Structures are given as C-alpha cells and as structure tokens.
Amino acid sequence: MSNRDRIVALFHEALSSTDSVLRAPLTDELVLLDSGLDSLGFAVLVARLEEELGFDPFVEMDHAAYPRTFAEFVAIYDRHRPK
Amino acid sequence: MTLITLEPFSSRNAALVLQWRNQDKVRRNSIDDEVISEDKHRQFLEKLARDPTRRYFVVRLRDEPVGVITFVDLGSEAVTWGCYIGGDAVIPGLFIGMAFVAADYAFERHNAARLLSEVAEHNNGPQQLNRFLGIESTGTRTCRRASGASLVLLQYDLKRLDWPRIKARALSRLPQSIRAMVQDYRVLDDHE
C-alpha cells in the first residue's frame, strides 16, 4: 500500500473518530482547512500515521513548509519517509 | 528546544493581530463579531497595558506567529482563556498545544484553581478538543453580539486537580511532534 493510500484510509478514520464530515472530494487540490478535518483531527491523523508508518515528519517541520493542500500533506510523508 | 513562545500584544504585532482578528473565520466564533478598527485596537492595547488581570499573547511556533491566546481574571481563582489560529496552513496539534499552554500558564504561573472557557455553539473544533481531553460542558449561556445577534455559548470548567490526569492521558494519544510542542513554552517580557 502506498503512503497516499494509507493516508487516505486513515484520513477517513480520523474524520470518523472526531465526528467530522469530509466537505469536498479528497483530491490533491483539496485545501486542508476546507476538508472538514480540524487541528485536532489532524493531530489524530498524524498520531495514527506515526503508528502505521513508524515516523512523524512534523517533528522537524519549519512553519513555512506546513501543508495547505492534501497533495502537500502526502508529499511531506513521501519526502521524510525513513530510508 | 522551546517550540512555543508567547509574545505580549503590543504596537509591534498590532497590524498582524488586527488582520487575524478581523478574518471572517475568527469573527464568526467571537462574542464581539464586529470588524475592529485600527483606532479601536490601539485604544484596546492602551487599556490592556494598564490591566494586570488580562494578558493577551501572539503565539509563535518556532518563532513564526501562528495564533493568539488570551487570559482574563488573572489573579483570581478562576481564569478564563480563549484563542484563535491566525494563519491558513494546517499545523497538526496546534490547537491542543495552545490548550496545554493555557492550562500550564493559568495553573502554574498564576496559581488558578480553575480554567474557564466559552465556546460558540456552532464552533465544533473546540468542542471536539474538550471531548478529546475529557472535559465536559458545565452549561450554556446566551449573549448578545456586537452585531445584535444572539449567541449561545457552551461553558467549560477545567479544574487544576484534574489537569495532570487529563494531560497524561492526552499525551499518550498524541504523536511525537505534538508531545514535543507542548513540553515547554516561553513567555516573553513586554519589552522583548
């Protein structure tokens, strides 16, 4: 399963666990702030991804690089995946 | 490494704060929903500087301004806090981080016994956060907004005695980046 597929699956899980609703299709262009998942939801998602993937790319994140779209969020995980 | 810094409101950050404060997403969730003018904000800063029971801060994450956190009734048994996130990037766990800082600031630095907050009925994010932390609403009240519309507020009351247990449980469910964020914070002096 690719990073993206796993992120999509856990994104839906985070929506469900925080009683949130996806407000637009989960495409690369989706603006995260408009997705329906809030700061807490993303914290839950990052925690689950840490469990599944074994790393948290936001540990060393510079503010300028925080993701605005779903594609950017996935790219962060692809970029920081341990070799 | 200290990731979160609290920078007191001042003329230096006034333009940024005003820009954030007047965003639709912030006004929608505020009791005072009117657009604040520069002049009114300047008058507010002058009053704030003379009031030791109120502290308003810009929250900086790795030295980048990301939001605002506020405290009123400092020095009393029950301190009320509020916050908003200013920018448009998603920073996972920032809201939780601000809640942790608020609890520590009120309980440890100002010896409060209770940390109060009020959340607009339509504002789901803070309600979700309180549910995540295990903090239940203690009631509601209805107020009149600056625009004249009525607003129902959910009230929350976090007791100092309950915070260590709530904090430990929350930390066990958070990823490494957020645990690092909430471990420590720094409060700048007014002159820094």
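All values reported here derive from a predicted model rather than from experimental measurement. In the text below, chain A, chain B and the rest are named by the order of the sequence lines, each starting its count at 1.
With a 4.5 angstrom heavy-atom cutoff, B:R179 touches chain A only via side-chain atoms. Proximity to chain B is limited to the side chain of A:D56, based on heavy atoms less than 4.5 angstrom apart.
Below 4.5 Å, heavy atoms of chain B meet heavy atoms from A:T18, all part of residues 5-18 of chain A.
Tested against A:S35 for a side chain to side chain contact (heavy atoms under 4.5 Å, CB included), the candidates A:L30, A:V21, A:T69, A:L26 yield a single pass: A:L30.
Counted by atom type alone, B:N13 and B:E7 present one or more donor-acceptor pairs between their side chains at under 3.5 Å. Residues B:N123 and B:Q127 bring no donor and acceptor atom of their side chains to less than 3.5 Å of each other.
Between B:D73 and B:R114 there is no salt bridge, since no side-chain N of the basic residue sits under 4.0 Å from a carboxylate O of the acidic one. Under the 4.0 Å criterion applied to side-chain N and carboxylate O atoms, B:R42 and B:E46 are assigned as salt-bridge partners.
Between B:T138 and B:Y156 the shortest heavy-atom distance is OG1-N, 4.2 Å.
Ring geometry for B:Y105 versus B:H110: interplanar angle of 30 to 60°, hence tilted.
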